[in-house]
Amino acid sequence: MTHLLDIKDLNKADLEQLFKRADEIQTETKALRLNRLAGKQAVCLFYENSTRTLLSFQLAASGLGATVFHLPVSHSSVQKGESFHDTIKTIVAMAPDALIMRHPEDHAHQQIVDLLPNNVHLINAGDGQNQHPTQSLLDLYTIRQHKTNFQDLKVTIIGDIKHSRVANSLIDALTTLKTTNIVLYGPDNLMPKQYADKKADNINTALDQADVVVMLRIQKERFDKNEFLNINQWHQQYGLDADKLKLANKDAIVMHPGPSNRGIEISAEVADGPQSVILEQVANGVLLRQAVLYQFLS
Ligand code: CP
């Protein structure tokens, strides 16, 4: 495989290979790690804001000995009107080994894939509300650190499902790993029809005996003017607090891709509580992105 655009392009064996690669990288010496991608060059091009994904890709690449360059779109010739295609062709002409891109449009990466020669690897760092493949890899790896298998888990995902590329990628990846009990809950207007069979009737049913609870960010920037959002009622109806969490299994883990709206999607008590693995997700982001970069660039 030349590019990583969609988590559905990876089968169970591919996912397991990446997890093993991450295990290996985690235990090896810094000197060995710094040799893995020595001499390689990666460019990060993010048309949307990011803290975790951008920085973790940069740390991941440099931690493997690659040189990584961030082109800030707000200071680039995009601001002079350069088109998306011309921007990509210009970057590709400089022959980096990898182009790591985030874009607000669904399937933006598919639009440019034909502009890339085989030796420039395109890695999707999030496209619109479609896919966020490396987020699902770090999510799965975090679950794997706490649970013995994926098949028997009840995974509950709550919040703004409609606008969430995180939810799409995680549902796809869990399905590849044969997790059948995936339960979704959120406002009806934010529940895509394709997931109707996974929708819980209420938050209590959704949380009941869950093994993994994933809270999603409200993607305000993706709401159009006809989409209704009652932010004042959100925490009561769709937010997670310590009382609601008691419905889940005692050893349930709580996840959030970040950035989180504390007091709306998740209470501070739960976000900072003993069941929260949110910062483990962040740490695993560097490791899984190292596994991906090594897999594609070495
Ligand atoms: N989870 C995630 O994609 O976070 P950032 O937007 O900060 O990269």
Side-chain angles (χ1 to χ4, degrees), residues 4-7 10 18 22 42-63 68-74 98-109 122-145 155 157-174 186 190 212-223 240 253-262 264-266 270-272 276-293:
L4 177 57
L5 306 189
D6 189 314
I7 200 67
L10 303 184
L18 285 168
V43 169
C44 290
L45 177 69
F46 278 49
Y47 283 85
E48 274 188 346
N49 294 340
S50 169
T51 296
R52 291 150 199 77
T53 313
L54 174 60
L55 197 53
S56 64
F57 263 117
Q58 290 174 305
L59 287 166
S62 62
V68 59
F69 302 89
H70 171 219
L71 177 66
V73 170
S74 57
L99 174 58
I100 301 160
M101 188 177 83
R102 171 172 284 191
H103 199 281
E105 259 183 62
D106 292 13
H107 308 289
H109 299 69
L122 180 61
I123 311 288
N124 183 357
D127 63 308
Q129 48 199 61
N130 179 41
Q131 281 281 313
H132 195 346
T134 57
Q135 176 73 42
S136 59
L137 290 172
L138 73 90
D139 288 343
L140 292 178
Y141 191 79
T142 306
I143 295 171
R144 180 179 174 266
Q145 287 175 326
V155 180
I157 306 176
I158 298 177
D160 175 6
I161 311 280
K162 178 178 176 181
H163 302 109
S164 180
R165 57 195 176 205
V166 171
N168 287 336
S169 289
L170 183 57
I171 293 165
D172 290 338
L174 285 167
L190 299 180
V212 177
V213 180
V214 182
M215 303 306 295
L216 297 173
R217 181 172 76 82
I218 304 167
Q219 312 254 314
K220 273 193 221 156
E221 71 277 20
R222 300 194 205 286
F223 278 69
L240 185 65
I253 56 170
V254 176
M255 306 175 75
H256 193 302
S260 63
N261 294 300
R262 283 170 177 247
I264 299 176
E265 296 134 15
I266 187 165
V270 173
D272 299 329
S276 169
V277 295
I278 294 171
L279 291 178
E280 292 174 40
Q281 290 175 267
V282 174
N284 286 334
V286 178
L287 194 58
L288 267 294
R289 288 174 177 124
Q290 287 187 319
V292 165
L293 290 172

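Every value quoted in this text rests on a predicted model; they were computed, and no experiment measured them. Just follow the structure's listing: the first ligand is 1, and inside any ligand the first atom is 1. In this chain, residues are counted from 1 in sequence order.
- For the residue pair H109 and N124, a side-chain donor N or O sits within less than 3.5 Å of a side-chain acceptor on the partner.
- Taking only non-hydrogen atoms, the option from E48, R217, H132, R165 nearest to atom 3 (O) of ligand 1 is H132.
- Every N/O-N/O distance between P259 and ligand 1 stays at or above 3.5 Å.
- The closest protein non-hydrogen atom to atom 6 (O) of ligand 1 is R102 NH1, 3.0 Å.
- Checking Q129 against D106 by side-chain atom types alone, no donor-acceptor pair falls below 3.5 Å.
- Residues M215 and P257 approach most closely at O-CD, 3.2 Å, considering heavy atoms.
- For D272 and R262, the salt-bridge test passes: some basic side-chain N is under 4.0 Å from an acidic carboxylate O.
- Residues R52 and L55 are not in side-chain contact: their nearest non-hydrogen atoms beyond the backbone lie 4.5 Å or more apart.
- The shortest separation from a heavy atom of G126 to ligand 1 is not under 4.0 Å, leaving the residue out of contact.
- Residues H163 and R217 have side chains that never bring a donor and an acceptor to within less than 3.5 angstrom of each other.
- Closest to atom 2 (C) of ligand 1, if we only count protein heavy atoms, is T53 OG1, 3.6 Å.
- Proximity to Q135 (heavy-atom distance under 4.0 Å) selects the following atoms of ligand 1: 1 (N), 2 (C).
- Close approach to T51 involves these atoms of ligand 1, each under 4.0 Å from a residue heavy atom: 5 (P), 7 (O), 8 (O).
- By the criterion of a heavy-atom distance under 4.0 Å, neither the backbone nor the side chain of H256 is placed next to ligand 1.
- Annotation for ligand 1: atoms under 4.0 Å from non-hydrogen atoms of G258 are 1 (N), 2 (C), 4 (O).
- With a 6.0 Å cutoff to the six-membered ring centre and a 45° limit on the axis angle, R289 counts as a cation-pi contact of F57.
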